[in-house]
Amino acid sequence: MAIVTMVFLLPRAMPGDPLSALEDPDAGYFITDPEVRQRVLSYYGLDGPLHEQYLHYVGSLATGDLGWSVARNTPVAGLIAGHLPWTLLLVGLALGLSASVSYGAGIVAAWNRGRLPDRVVLVALTGLRGVPEYALAALLLITLAVLVPLFPLFGAYTPFAEYESLWSQVSDIAFHLALPLLALTLSLVGTKFLLVRNTAISALGEDYMQLARAKGLPLRRQQFHHVGRNALLPFLTVMALQVGTAVGGSIFVESVFAYPGMGVLILDAVEARDYPVLEAVFLALAVTVLVANFLIELVYRRLDPRVGAQ
């Protein structure tokens, strides 16, 4: 209920409201007829006090009704269904890719502590931690889509393209996804890398590692079975915390590449003060973060049964 209340209040904390947008003659959705405008406000419950608006929102939500977009004149559920899969694709792949890279790089860097590969990776990934997602996205856009046009400038697929096969369609989507995915992945790698590296370094001096070396176990088994397993639980904790960061960062990355996910939908809705769309988008993103954290919690309990017992 706290999430629902926050979702309701956040759009109303912004200056202006849908009424001001409806009264703007320059807006494409300007309504000239006062009676029609009043009926629109009454439909959205915007002509009543705040507590009545809240009850109206909760009542509609309880019946599964996400409402009707003020600016786009279309069901909000349809907008969410059209945009959410693109954000899930981007965020899911970025989390998975950043986890793989940071986990492997962290263990290898710890194993080569103080040597050139460790220093290079440490400086590069630590430096990336301080660069915002939108700056990385803009840099990649300018270098790899404008100066050296290797990737598309915007969008998630080629408009009006006729695909010969499913593979060609997947390739086109992956081609458009490459730069947004790279920008979001790079922004997520640094924190997890440092955690894995530091945890792995502390494990290298443990007795079980000396025993593993004395037994002559293969290097990869020492690195990823003994050292890596020790870093896995704190790694999952940080990864759960980063789900919200990834969702928030995707909004900026999507806006830079005009990627048709929830970020573009949020920006348009903020401009129009489209309360129903903003409420539904925030609620969908909150549910996404909760579900992702729940799944990570299940994995955590699987790896450490003591958590479930507590």
* To do: Begin with the C-alpha distance, continue with both residues' side-chain angles, and end with the deciding distance and a verdict on side chain to side chain contact (heavy atoms under 4.5 Å, CB included) for Leu125 and Leu194.
  => CA-CA 8 Å; Leu125 296 185; Leu194 287 176; over 6 Å; no
* Report, as yes or no, whether the 6.0 Å neighbourhood of atom OH on Tyr163 holds more than 12 heavy atoms from other residues, nucleotides or ligands. =>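 Yes, because the 6.0 Å sphere around OH of Tyr163 holds more than 12 heavy atoms from other groups.
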Find the distance between [atom1] ([X]) and [atom2] ([Y]) and round it off to the nearest 0.5 Å.
| X | Y | atom1 | atom2 | result |
| --- | --- | --- | --- | --- |
| Ile173 | Tyr157 | CD1 | OH | 9.0 Å |
| Leu181 | Ser250 | CG | OG | 12.0 Å |
| Arg113 | Arg197 | CZ | CZ | 7.5 Å |
| Met239 | Thr245 | CE | OG1 | 12.5 Å |
| Asp172 | Thr158 | CG | OG1 | 3.5 Å |
| Ser69 | Asp274 | OG | CG | 3.5 Å |

* Evaluate the criterion side chain to side chain contact (heavy atoms under 4.5 Å, CB included) for residue pair Phe193 and Leu122; output intermediate values, then yes/no. => CA-CA 8 Å; Phe193 163 77; Leu122 182 62; 3.8 Å; yes
* Scan for side-chain hydrogen bond (donor to acceptor under 3.5 Å, both in side chains) pairs involving residues 79-98, sequence neighbours excluded, and state none if there are none. =>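 Only Thr87-Glu254, Ser98-Lys192 qualify under side-chain hydrogen bond (donor to acceptor under 3.5 Å, both in side chains).
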* Step through it carefully: locate the ring centre of Tyr103, locate the ring centre of Phe235, and say whether they are under 6.0 Å apart. =>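 Yes: the rings meet the under 6.0 Å criterion.
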* To do: Establish, from distance only, whether the side-chain atoms of Tyr54 and Thr5 form a donor-acceptor pair under 3.5 Å.
  =>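 A pair is found: one side chain offers a donor N or O, the other an acceptor, under 3.5 Å apart.
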* Any chance you could lay out the side chain to side chain contact (heavy atoms under 4.5 Å, CB included) test for Leu179 and Phe257, step after step, and finish with the verdict? => CA-CA 8 Å; Leu179 290 185; Phe257 291 99; 3.6 Å; yes
* Asked: If you group Ile, Leu, Val, Met, Phe, Trp and Tyr by side-chain heavy-atom gaps below 4.5 Å, do Leu93 and Val170 land in one group?
  ->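 No; tracing contacts between hydrophobic side chains, which count when under 4.5 Å, never links both residues.
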* Check whether any side-chain N or O of Thr199 sits under 3.5 Å from a backbone N or O of Val196 as a donor-acceptor pair, and report yes or no. =>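 No: the side chain of Thr199 does not pair with the backbone of Val196.
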* Say whether, by atom type as modelled, one donor and one acceptor occur between the side chain of Gln242 and the main chain of Leu95 under 3.5 angstrom. =>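 No, Gln242 side chain to Leu95 backbone: no donor-acceptor pair under 3.5 Å.
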* To do: Output, in order, the C-alpha distance, side-chain angles, deciding distance and verdict of side chain to side chain contact (heavy atoms under 4.5 Å, CB included) for Val289 and Leu285.
  => CA-CA 6 Å; Val289 172; Leu285 294 180; 5.6 Å; no
Got a list of side-chain donor-acceptor pairs under 3.5 Å for residues 136-149, not counting sequence neighbours?
unit_1: Thr143; atom_1: OG1; unit_2: Leu139; atom_2: O; d: 2.8
unit_1: Thr143; atom_1: OG1; unit_2: Leu140; atom_2: O; d: 3.4

